[in-house]
Amino acid sequence: MNRPLVRAHPTIESRLRRLEQKLNDELGFRDQRLRFTKTASRNGPITWVLRNQTNEKTGRFLPEGSAAELAPAANDESILYFGYNEQWQFAPRHNQIEFASSNLRFVISGVEAMPDLRFRLEWAGAKSEGGVIAYPGQGAAHPHWQFDVDAGWLDTSPPVVDAKKPIEIDLEPAAEVEEIDLEIGELMTVTKPAQRISATLAGFHHLHLPARTMWHDLLCVMPDMAAPQQHTPTSENEIDRWVISALRYLRSEFQAYM
């Protein structure tokens, strides 16, 4: 297992300025409208969020969490947007920070009478805690895709009650689900929502769909032998190439099929 990626704080600051340039060039923004803003707490993670300065000044609409339009559909009926944030956390050594996660978010918007389709491509790095190197989420794949269940997909209608059928009452407390939220870079315990989700979507947003595996070389044995689907970046250049490549690939696929 590779060790966590650790760099000096100023090194990452400079590298993110260069990534800004690459992203603006990739999308043809000569005014360099895409810029990273940083938030940090004393002991918590440091998060750099990509923002669209031009759109924020003009008040132009973008789906929540998006930084820019990535591609229009060929039929002009929908648009693919993307957003990006990156997290690092303080390492034990002075002025050093450790890679936590790289998070791409995509939104397909504009389809009439349908909620936005949201999905994510996320790469959480290995963490060193108490001398032990581990990944968040027992056996979860890194990097991975996740598909969010928008509020518009929720079935909030009351269940149909058959007056002749006895009503079953569950007196047990609601089960808790462990979910990885890479936006804050930590494991969270969340309670299942009260709304009933369509049976075909229930729990789907919890799945971590692998984006890189070595299953052809190593057999996956869940959850203890997860090495074939768990990878951590070994350099910041790997992260940059991963982000740019993901945007190019999604743009090409979206324009080809939508």
Side-chain angles (χ1 to χ4, degrees), residues 1-58 62 64-70 81-106 120-129 133-136 142-144 180-187 211-212 231-251:
M1 180 184 292
N2 290 323
R3 296 191 61 81
L5 177 61
V6 178
R7 291 289 185 268
H9 196 153
T11 299
I12 298 305
E13 290 272 11
S14 298
R15 170 237 153 193
L16 286 171
R17 298 286 81 82
R18 294 192 297 273
L19 181 57
E20 282 179 353
Q21 179 71 54
K22 293 176 184 177
L23 290 170
N24 280 292
D25 289 347
E26 188 69 26
L27 294 168
F29 295 147
R30 295 184 179 180
D31 57 1
Q32 302 298 299
R33 67 185 65 178
L34 298 180
R35 299 284 185 181
F36 282 106
T37 60
K38 181 175 73 172
T39 60
S41 57
R42 179 169 296 181
N43 297 315
I46 308 168
T47 304
W48 282 272
V49 180
L50 190 67
R51 298 194 181 280
N52 190 319
Q53 294 185 332
T54 299
N55 281 27
E56 289 180 1
K57 288 178 181 177
T58 60
L62 284 174
E64 183 180 0
S66 299
E69 176 182 322
L70 183 58
Y81 297 89
F82 85 97
Y84 181 69
N85 71 64
E86 189 170 304
Q87 291 189 332
W88 294 69
Q89 57 195 20
F90 290 102
R93 284 172 285 180
H94 179 66
N95 205 34
Q96 297 279 301
I97 53 178
E98 182 180 281
F99 174 76
S101 65
S102 173
N103 313 305
L104 278 161
R105 296 174 181 268
F106 299 95
R120 294 171 274 151
L121 178 58
E122 303 181 323
W123 193 355
K127 295 182 178 181
S128 56
E129 296 180 356
I133 299 175
Y135 289 88
H142 302 288
H144 63 256
I180 302 173
D181 186 347
L182 295 184
E183 190 166 7
I184 60 172
E186 297 192 10
L187 288 176
R212 178 186 175 190
H231 310 272
T232 196
T234 58
S235 73
E236 54 269 40
N237 288 333
E238 282 189 16
I239 303 171
D240 291 355
R241 289 193 295 267
W242 183 74
V243 171
I244 297 295
S245 296
L247 294 179
R248 289 180 179 178
Y249 181 80
L250 262 294
R251 180 170 54 196

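Numbering starts at 1 and runs along the sequence shown. Predicted model, so just to flag it, every value in this text is computed and none were measured. Atom set for the values below is all heavy atoms of this structure, side chains included, hydrogens, waters and symmetry mates excluded.
Rounding to the nearest 0.5 angstrom, the gap separating the CD atom in Gln53 from the OG1 atom in Thr58 is 12.0 Å. Note that the CZ atom of Arg241 and the NZ atom of Lys22 stand 8.5 Å from one another [nearest 0.5 Å]. Rounded to the nearest 0.5 angstrom, Phe36 CZ and Leu50 CG are separated by 5.0 Å.
At least one side-chain heavy atom of Leu247 sits under 4.5 Å from a side-chain heavy atom of Leu23. Contact annotation: the side chain of Trp242 approaches that of Pro143 to within less than 4.5 Å [non-hydrogen atoms, C-beta and beyond]. Side-chain contact check for Pro4 versus Thr232: every heavy-atom pair is 4.5 Å or farther apart. Counting heavy atoms from C-beta outward, Leu5 and Ile239 have side chains that approach closer than 4.5 Å. Here the side chains of Arg3 and Ile133 are in contact, with some heavy-atom distance below 4.5 Å.
Take Thr234 and apply the side-chain contact (heavy atoms from CB on, under 4.5 Å) test, not counting sequence neighbours, and it matches Asn2, Glu238. Residues that satisfy the ring-ring contact (aromatic ring centres under 6.0 Å, His included) test with Phe106, not counting sequence neighbours, are Phe119. By the side-chain contact (heavy atoms from CB on, under 4.5 Å) test, Arg33 is found to be paired with Asn24, Phe29, Asp31, Asn52, Thr54, Asn55, residues two or more places apart in sequence or in another chain being considered. Under the side chain to side chain donor-acceptor pair (under 3.5 Å) criterion, Thr11 pairs with no residue at all, not counting sequence neighbours. In this view, Ser235 satisfies the side chain to side chain donor-acceptor pair (under 3.5 Å) rule with no residue, not counting sequence neighbours. With sequence neighbours excluded, the residues forming a salt bridge (Lys or Arg N to Asp or Glu O under 4.0 Å) with Arg251 are Glu26, listed by chain and number. Under the side chain to side chain donor-acceptor pair (under 3.5 Å) criterion, Glu98 pairs with Gln89, Ser128, sequence neighbours left out. Looking at residues two or more places apart in sequence or on another chain, you find a ring-ring contact (aromatic ring centres under 6.0 Å, His included) between Phe99 and Trp88. For Thr39, the side-chain contact (heavy atoms from CB on, under 4.5 Å) test picks out Thr47, with sequence neighbours left out.
A side-chain donor-acceptor contact under 3.5 Å links His142 to the backbone of Pro136. Formation of a donor-acceptor pair under 3.5 Å by the Glu236 side chain with backbone atoms of Ile12 is not found in this model. Of the possible donor and acceptor atoms, none in the side chain of Trp123 sits under 3.5 Å from a partner among the backbone N and O of Leu104. Looking at Tyr84, its side chain never comes within 3.5 Å of a backbone N or O of Ala67 through a donor-acceptor pair.
Around atom CZ of Arg17, more than 12 heavy atoms belonging to other residues, nucleotides or ligands sit under 6.0 Å away.
Partner Ser102 forms a side-chain contact (heavy atoms from CB on, under 4.5 Å) with one of Val243, Asp240, Leu121 and no other, that one being Val243.
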Legend entry - Verdict with supporting geometry, Glu69 and Leu27, side chain to side chain contact (heavy atoms under 4.5 Å, CB included): CA-CA 9 Å; Glu69 176 182 322; Leu27 294 168; over 6 Å; no
Legend entry - Test side chain to side chain contact (heavy atoms under 4.5 Å, CB included) applied to Arg35 and Arg51, step by step: CA-CA 5 Å; Arg35 299 284 185 181; Arg51 298 194 181 280; 5.8 Å; no
Inset, instruction - Check step by step if side chain to side chain contact (heavy atoms under 4.5 Å, CB included) holds for Ile46 and Lys38. - result: CA-CA 7 Å; Ile46 308 168; Lys38 181 175 73 172; 3.6 Å; yes
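Listed here is the closest heavy atom pair of Ala68 and Leu62: N-CD1, 4.3 Å.
Residue pairs meeting the ring pair (Phe, Tyr, Trp, His ring centres under 6.0 Å) criterion with at least one member in residues 5-27, sequence neighbours excluded, are His9-Trp48.
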